[in-house]
Amino acid sequence: MKVRAGIFLLLWLLLLPAGFARAQAVDMFPGTLAVYQGRPVLIRCDLVKNAYVLMDVAGKSDAYLKLIGELGAGLQKPVEARVFASYRSVDGLNVLVVDRIENITPNSSCHLFPPAEPLNIKAAGQ
């Protein structure tokens, strides 16, 4: 009986790091939500106003397009939010794989000046 328990414990300890390796680190990205070139984006609250395309783990953006559309968010009508996500670069595009979105605040912006066109988002097809 003790041998089985020892083997089980040893296997569990060996497999434990594999489970941690699969998990993505999640960071908080505060910014302004918008749709740009048909993509849902977060324009980050930083001096450069970095922009990130929002996707789920399957690489889909439909749910975030719907959310941003329902909020009426845009470059002229800011909606501030905190996106909890992991960063990924996909074909040179800054992507946030979203875990959750919190503190959605319509008619609010963390930017001193309204964000203009996100320059670091490539045009579709580029």
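All figures in this text were calculated on a predicted structure; none of them were measured in a lab.
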For a 4.5 angstrom cut-off between non-hydrogen side-chain atoms, does Leu42 reach Leu54?
yes
Using modelled atom types only, decide if a donor and an acceptor are shared between the side chain of Asp91 and the backbone of Leu93 within a distance under 3.5 Å.
no
Considering only residues two or more places apart or on different chains, which pairs with a residue in residues 94-108 satisfy salt bridge (charged side-chain N to carboxylate O under 4.0 Å, His left out)?
Arg100-Glu102
Within the structure provided, determine whether Tyr64 and Val53 are in side-chain contact (heavy-atom separation under 4.5 Å).
no
Can you list the residues that meet the side chain to side chain donor-acceptor pair (under 3.5 Å) rule with Thr105, with sequence neighbours excluded?
none
Pair Val79, Thr32 - check side-chain contact (heavy atoms from CB on, under 4.5 Å), show working.
CA-CA 5 Å; Val79 173; Thr32 302; 5.7 Å; no
Minimum heavy-atom separation for Ile101 and Ala81, please, with both atom names.
CG2-CB, 3.9 Å
Which atom of Glu80 lies closest to which atom of Ser108, heavy atoms considered
OE1-OG, 2.8 Å
Would you please say whether a donor-acceptor pair under 3.5 Å links the side chains of Tyr87 and Asp27?
no
I need the minimum non-hydrogen distance between Ala34 and Ile68, along with the two atoms involved.
O-CD1, 3.6 Å
Any idea which heavy atoms bring Cys110 and Gly31 closest together, and the distance?
SG-CA, 4.0 Å
Please check if the side chain of Asp46 supplies one atom and the backbone of Asn50 the other of a donor-acceptor pair under 3.5 Å.
yes
If you measure from CE on Met28 to CG on Asn103, what distance do you get to the nearest 0.5 Å?
8.5 Å
Non-hydrogen side-chain atoms of Lys77 and Asn107 separated by less than 4.5 Å:
yes
Stepwise side-chain contact (heavy atoms from CB on, under 4.5 Å) check, Arg82 with Phe29:
CA-CA 6 Å; Arg82 289 191 183 118; Phe29 296 83; over 6 Å; no
Heavy-atom pair with the smallest gap, counting every atom of Ser109 and Pro78:
CB-CB, 3.8 Å
Using the rule given for side-chain contact (heavy atoms from CB on, under 4.5 Å), can you reason through Leu33 versus Leu71, listing the C-alpha separation, both sets of side-chain angles and the distance that settles it, and then say yes or no?
CA-CA 9 Å; Leu33 299 173; Leu71 292 169; 4.2 Å; yes
